[in-house]
Protein chains: 2
Amino acid sequence: MRVVIASCSVDYSGRLNAHLPLATRLLMVKADGSVLVHSDGGSYKPLNWMSPPCRLDVAEPSEEEAATGVDAVWTVQHTKNDDRLVVRIHEVLADHSVDLGVDPGLVKDGVEAHLQKLLAEQIDILGPGHQLMRREYPTAIGPVDILARDEDGTAVAVEIKRRGEIDGVEQLTRYLELLNRDPLLAPVRGVFAAQEIKPQARVLAGDRGIRCVVLDYDAMRGIDDVDSRLF
Amino acid sequence: MRVVIASCSVDYSGRLNAHLPLATRLLMVKADGSVLVHSDGGSYKPLNWMSPPCRLDVAEPSEEEAATGVDAVWTVQHTKNDDRLVVRIHEVLADHSVDLGVDPGLVKDGVEAHLQKLLAEQIDILGPGHQLMRREYPTAIGPVDILARDEDGTAVAVEIKRRGEIDGVEQLTRYLELLNRDPLLAPVRGVFAAQEIKPQARVLAGDRGIRCVVLDYDAMRGIDDVDSRLF
DNA sequence: GCCTAGATTTCGATA
DNA sequence: TATCGAAGTCTAGGC
């Protein structure tokens, strides 16, 4: 890993063209040759970058470039396509190299999969008398998150999202269309379950006869913990 | 901007919980207090981070922590929610601070908007005799990219994407449903236009009677240049 | 300010 | 290897 702080201008060409005027920025060169151009703000996304696999070449500036104060020209060329990043370095304020080694990596916990597991275990959140048929019920266009039966024995297809938005309702609609063609299952009701459901999604779901259920993740996790302690 | 290279362990808690074991990493502290934890690989996305607005506090380690080699504890607390990043610093290899000032920002060119403009100018790409009605034709659920008439005078609603995927077809379907309720427009045909159309999107479009058109951006831009030179 | 759609999205799982 | 869905997505544009 090499970190350079320098005044520079940057040009990217590839899927689009983009230009950064001359200013002082942080340049990060990773071991795989990828380059990140960061300013002192924004978010974690760099102003400009080149993803691996790519190759960094450092060259002398042309006379023309040198006349405008360019000290070096970095060309970062993607190995598999025409994406190219050109960094024209004017003044270098700092230049550090360090060997970081391979990172042991991130350990994550608690996403949509967890919601699905918890809801499968606590299926009566959908209403008393509900029975789980199975998780990840396979269909031709992909698996339905949860398939259950309500107290009357009617099949219920559940789509789970962390944030319920309009495309989640569309997805569930496609599943319902398909499932309702199966005479062994039909009629199948739809339930859209999420920690948070956007108003537009709620309206669309209502319009299609799909029930919305807001999931309380902390409460579900709490019950899960209590259950776990019983064993 | 402050750049620290140090061996550290990192814990994030918020929308999920995540942990990074002890390793040497690059820590970037931006002027707004946001923190990025980078390893020597991956892409531009940090291993872990805290977005602004947030607050960084540096504290002495507890006795317990000190015994395991912790030299300092950084706590980065988001200002508006419970998200928190805790960085336990073991050994500092480098620590640089520099004032970058405000970045003049990125100048972009050539995205979906450009495709829309070009297609509006070269509407006969849809077929000879097509006439542009208008770009960004407003509907209750949002603007349709392009509304045109074909050689027979039939209305055509065009949805434009850089990459045509299934949700683009869904979007166009919703527009068509709405537009076909308007007696002044109906019947309205649908055209899904993109630089690249994914197979699943193509199948769904076919199933709904929507025509797919692949756009050659370079060719369209070339014609545009030629046109420009004529004036 | 909230909400929606796009992104040089990135990233991971799966067929 | 392509494809598809999720992301602590982020970000810009409307309303």
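- Here, dT11(D) and dC11(C) have their P atoms 15 Å apart, quoted to the whole Å.
- For Trp49(A), the ring pair (Phe, Tyr, Trp, His ring centres under 6.0 Å) criterion is met by Tyr44(B), not counting sequence neighbours.
- Rounded to whole Å, the distance from CG on Asn17(B) to P on dA7(D) is 14 Å.
- The interatomic distance linking Leu47(A) (CG) with dT8(C) (P) rounds to 12 Å, in whole Å.
- Under the 4.0 Å criterion applied to side-chain N and carboxylate O atoms, Arg174(A) and Glu170(A) are not assigned as salt-bridge partners.
- Straight-line distance from the CD atom of Glu170(B) to the C1' atom of dC4(D): 14 Å, rounded to whole Å.
- Taking Tyr137(B) as the reference, nothing meets the ring pair (Phe, Tyr, Trp, His ring centres under 6.0 Å) condition, with sequence neighbours excluded.
- A salt bridge between Asp11(A) and Arg88(A) is present, with a side-chain N of the basic residue lying under 4.0 Å from a carboxylate O of the acidic one.
- The CZ atom of Arg202(A) sits 18 Å away from the C1' atom of dT4(C) (whole-angstrom rounding).
- Partners of His19(B) by ring pair (Phe, Tyr, Trp, His ring centres under 6.0 Å), not counting sequence neighbours: none found.
- The CD atom of Glu136(B) sits 13 Å away from the C1' atom of dG6(C) (whole-angstrom rounding).
- Following rounding to the nearest Å, Lys80(A) (NZ) and dA2(D) (P) show an atom-to-atom distance of 9 Å.
- For Lys45(B), the listed nucleotide lying nearest its side chain is dT10(C); candidates were dC10(D), dT10(C), dT8(C).
- Distances from the side chain of Glu159(B) to the nucleotides dG6(C), dT11(D), dT8(C) place dG6(C) closest.
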Acceptor/donor pairs from residues 20-36 of chain B side chains to any protein atom, 3.5 angstrom cut, sequence neighbours excluded:
{"residue": "Arg25(B)", "atom": "NE", "partner": "Asp103(A)", "partner atom": "OD2", "Å": "2.5"}
{"residue": "Arg25(B)", "atom": "NH1", "partner": "Cys8(B)", "partner atom": "O", "Å": "2.9"}
{"residue": "Arg25(B)", "atom": "NH1", "partner": "Pro21(B)", "partner atom": "O", "Å": "3.0"}
{"residue": "Arg25(B)", "atom": "NH2", "partner": "Asp103(A)", "partner atom": "OD1", "Å": "3.1"}
{"residue": "Arg25(B)", "atom": "NH2", "partner": "Asp103(A)", "partner atom": "OD2", "Å": "3.3"}
{"residue": "Arg25(B)", "atom": "NH2", "partner": "Pro21(B)", "partner atom": "O", "Å": "2.7"}
{"residue": "Lys30(B)", "atom": "NZ", "partner": "His38(A)", "partner atom": "ND1", "Å": "3.1"}
{"residue": "Lys30(B)", "atom": "NZ", "partner": "Ser39(A)", "partner atom": "O", "Å": "3.2"}
{"residue": "Lys30(B)", "atom": "NZ", "partner": "Gly41(A)", "partner atom": "O", "Å": "2.7"}
{"residue": "Lys30(B)", "atom": "NZ", "partner": "Ser43(A)", "partner atom": "O", "Å": "3.2"}
{"residue": "Asp32(B)", "atom": "OD1", "partner": "Ser34(B)", "partner atom": "N", "Å": "3.0"}
{"residue": "Asp32(B)", "atom": "OD1", "partner": "Ser34(B)", "partner atom": "OG", "Å": "2.6"}

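- The existence of a salt bridge linking Asp57(A) and Arg55(A) is confirmed by a sub-4.0 Å separation between a basic side-chain nitrogen and an acidic carboxylate oxygen.
- Listed nucleotides: dT8(C), dT10(C), dG5(D). Nearest to the side chain of Lys161(A): dG5(D).
- As judged by a 4.0 angstrom heavy-atom cut-off over every strand, Met50(A) is placed among residues making no nucleic acid contact.
- With rounding to the nearest 0.5 Å, the separation of NE2 in His78(B) from CZ in Arg84(B) is 13.5 Å.
- If you check residues 28-37 of chain A against DNA chain D, you find no residue with a heavy atom closer than 4.0 Å.
- Ser51(A) comes within 4.0 angstrom of sugar-phosphate atoms only, judged by non-hydrogen atoms across all strands, and of no base.
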I'd like a list of close polar pairs between nucleotides 13-15 of chain C and the protein, N/O only, cut-off under 3.5 Å.
none

